[in-house]
Amino acid sequence: MANLIEKAKQQIDELTRAAYGVCAAKGTLPAGCTLKGSIEIPKDTVYGDYACGYAMAAARDMHMPPRKIAEALAAGMDLTGSYFNQVTVAGAGFLNFHLGDSWYGEVLASVEAEGKQYGCVSVGRGEKVMVEFVSANPTGPMHMGNARGGVLGDTLAEVLSRAGYSVWREFYVNDAGNQIHKFAQSIHARYMQLILGEENYPFPEEGYHGDDIRMLAKGFYELHGDAYRDKPESEWLDAMSQYGLSVNIPKMKADLQRYGINYDQWFFESELHESGYVAETVAMLADRGWTYEKDGALWLNTSELLRQKYIREGKTREQADKLDLKDDVLRRANGFYTYFAADIAYHRNKFEKRGFDRVINVWGADHHGHVARLQAALDGLGLDGSGRLTVVLMQLVNLLQDGKPVRMSKRTGKAIALNDLLDEISVDAARYFFNARPDTHLDFDLGLAVREDSENPVYYVQYAHARICSLVGNLKENGSAVPAMEQVDVSLLATEPERDLIKQISLLPEEIRLACRDYDPSRINRYVVELAARFHRFYNACRIKGEQADVLAARLKLADTTRAVIANCLGIIGVHAPEKM
């Protein structure tokens, strides 16, 4: 796959080293020196498209002023057959390279050749990566944090896939433990209230109070009548929890599918307990000397595991000892394993049993304190959790309506769930806006999300795609179809708006690479908005219809190439690319 940014930088490196060889042979530069330094795309490209700092980096080694070195390199440089038509010297000694027609032509040709695969890179080299995201407790409807985590996880998984990783999407269902016990108790209490009256049966203080629990109790009553009225807890507890999960989990799947999210696997916590995998994992930690007993419970020596982790990461023992490190219970005095024990077992399952090279979890920022502890526990099992487990922490969502906070659903009067949100705005708008930088708080304005103007970025980008489709269709009806690349004279695309648009097109592979490196899929949002903006500038500045045949063909090709790249970007985010608006 073509990354024309990297190819151009690589060619600059090769041209500069070749020029140094020429200069060293002629004696204009001293031989035996090492060339190194930066190659950057300057913010202002009026003096060149790439700036090379090799001359400044070599000044001390060569005992020469950097500008003199740069002038010698420029004089010894042969650009024949390269992407560049000119190299100039500027400032203290920068070599500025100016792109020629061949590079611009190769960008357009790459999009034509690669089609829907344009933008893909191979940095992942087939590495097996799991992305686990949402993983909401199945005890109630999904909320705004789940909505944000859903699109961030799904889009990050897509970015990783297009970067050459073998990606697996997973939802971890917490169908065991204390929250499920409380869930079943809540359903049972509402069930008994249906039979006896609310005033005659107490509701647990720490129970789930939502209307969804009332609906589950009503559904259970409609199935079983009062058959569970006098049954012991050992019987109704499992029946209530299984019924509640049998209703809630399909609802979660349906909501996520409506949101455009499908998983490779829904993994159930209960399977870890029933198979003995949690007990086995805890035993492994005990065998390695990382546990101890206190007050009848089994504890993990998390504090020492964290000290060793922080020392490996560069802290001194004294610095690590000053941190407020605490140990964790793995097995309570009553014999039940904690959520933390199950979480360690689950991640051991990911690495050891299923063989994932890396694991990425998308979690809410409130899980911040859990990250290092889990990584350290995996280190204790010899699984290199610190190196192989990455947790992307996302900040909260503030839902706004015309700039004012919104906390309640118009339909239900309750806290807004994912399903409520998708009743108010399109899936496209939700996915686009939630794919914002995970490390920042998100102010999501419902009013902006439904606006049909350039202030709404998803509308702005979709409109650019539809506008190009309309242009291509109209010109085709008039006998001007999009030409193949070999029929295009790239030298005719010489204005600044045309060249700027092609440069933006060329950046997609690099943006995908950087989005993977930074675990930040929102780069694709920012990239495609800028692509749409550059297209609109090009379209307003460069006439297409009515131009001479060769100019029309070149500009039409550029417009259609832009359409294809916009569609690729929207596909990564999970947003439709409409042909009409």
Side-chain angles (χ1 to χ4, degrees), residues 1-6 107-108 110-124 150-165 167 259-261 426-438 449 454 456-472 500-539 557-581:
M1 302 297 179
N3 184 337
L4 273 299
I5 303 296
E6 286 300 308
V107 172
L108 300 183
S110 295
V111 179
E112 179 184 82
E114 296 173 20
K116 292 182 179 180
Q117 297 302 308
Y118 178 73
C120 294
V121 292
S122 57
V123 293
V151 72
L152 283 170
D154 197 41
T155 308
L156 178 57
E158 185 62 26
V159 165
L160 289 162
S161 180
R162 297 194 186 212
Y165 293 90
V167 179
Y259 199 30
I261 296 175
S426 69
V427 171
D428 285 347
R431 288 194 62 113
Y432 185 91
F433 279 96
F434 277 123
N435 192 48
R437 284 185 59 182
S454 60
N456 179 353
V458 68
Y459 178 86
Y460 182 68
V461 172
Q462 288 181 316
Y463 176 70
H465 185 272
R467 189 179 198 181
I468 299 169
C469 290
S470 177
L471 168 71
V472 170
D500 282 349
L501 179 54
I502 298 173
K503 287 178 183 176
Q504 184 67 15
I505 289 169
S506 76
L507 284 171
L508 181 56
E510 183 69 357
E511 288 295 329
I512 288 177
R513 184 186 73 82
L514 294 173
C516 289
R517 184 197 69 183
D518 301 338
Y519 305 105
D520 181 12
S522 69
R523 294 190 71 103
I524 307 303
N525 288 38
R526 298 190 291 275
Y527 167 83
V528 75
V529 167
E530 180 60 25
L531 180 61
R534 293 197 189 191
F535 168 75
H536 290 307
R537 287 197 290 270
F538 152 73
Y539 188 76
K557 183 65 174 179
L558 176 53
D560 190 61
T561 301
T562 306
R563 174 204 57 75
V565 178
I566 290 175
N568 284 3
C569 293
L570 292 178
I572 293 171
I573 304 168
V575 173
H576 293 93
E579 296 185 4
K580 293 181 180 180
M581 290 182 71

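Below, all heavy atoms of this structure are taken into account, side chains as well, without hydrogens, waters or symmetry copies.
- When all heavy atoms are compared, the tightest approach of P438 to Y519 is CG-O, 4.1 Å.
- Here the side chain of Q504 pairs a donor or acceptor atom with the backbone of Y527 at under 3.5 angstrom.
- Within 6.0 Å of the OH atom in Y463, the count of heavy atoms belonging to other residues, nucleotides or ligands does not exceed 12.
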- request: Could you go through the side chain to side chain contact (heavy atoms under 4.5 Å, CB included) check for E112 and T561 one step at a time?
  value: CA-CA 7 Å; E112 179 184 82; T561 301; over 6 Å; no
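- Atoms CD and CD1, on E511 and I572 in that order, are 10.5 Å from each other to the nearest 0.5 Å.
- Closest non-hydrogen pair, F538 versus L501, comes out as CD2-CD2, 3.7 Å.
- When all heavy atoms of S506 and I5 are compared, the pair lying nearest together is OG-CD1, 3.4 Å.
- In this structure, the side chain of N435 does not engage the main chain of N525 through any donor-acceptor pair within 3.5 Å.
- R431 places a side-chain N or O within 3.5 Å of a backbone atom of Y259 that can act as its donor or acceptor partner.
- Remark: the backbone N or O of A466 is not paired with any side-chain donor or acceptor of S470 at under 3.5 angstrom.
- For the pair L471 and Y539, the tightest heavy-atom approach, listed with the atom from each and the gap, is CD2-CE1, 4.0 Å.
- L156 contributes atom CG, which lies 10.0 Å from atom OH of Y165 (distance to the nearest 0.5 angstrom).
- Across all their heavy atoms, P521 and A515 have their closest contact at CA-CB, 4.4 Å.
- Of the possible polar contacts, none joining the R563 side chain to the C469 backbone as a donor-acceptor pair under 3.5 Å is found.
- When atom types are taken as modelled, the side chain of Y118 and the backbone of I505 share a donor-acceptor pair closer than 3.5 angstrom.
- With rounding to the nearest 0.5 Å, the separation of OH in Y432 from CD1 in I524 is 10.5 Å.
- The shortest non-hydrogen separation linking A464 to I566 is CB-CD1, 4.0 Å.
- Considering only residues two or more places apart in sequence or on other chains, N456 meets the side-chain hydrogen bond (donor to acceptor under 3.5 Å, both in side chains) condition with none of them.
- Distance check: C569 SG to I512 CD1 gives 7.0 Å after rounding to the nearest 0.5 Å.
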N/O donor-acceptor pairs under 3.5 Å from side chains in residues 574-581, not counting sequence neighbours:
from	atom 1	to	atom 2	distance (Å)
H576	ND1	D428	OD1	3.0
H576	ND1	D428	OD2	3.4

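- Remark: T562 OG1 to L531 CG distance equals 5.5 Å, nearest 0.5 Å.
- Looking at residues two or more places apart in sequence or on another chain, you find a salt bridge (Lys or Arg N to Asp or Glu O under 4.0 Å) between E530 and R534, R537.
- In terms of modelled atom types and a separation under 3.5 Å, the side chain of S161 and the main chain of A157 share no donor-acceptor contact.
- Interatomic distance, I573 CD1 to N568 CG, rounded to the nearest 0.5 Å: 11.5 Å.
- A salt bridge links D520 with R526: the distance from a Lys NZ or Arg NE/NH1/NH2 to an Asp or Glu carboxylate oxygen falls below 4.0 Å.
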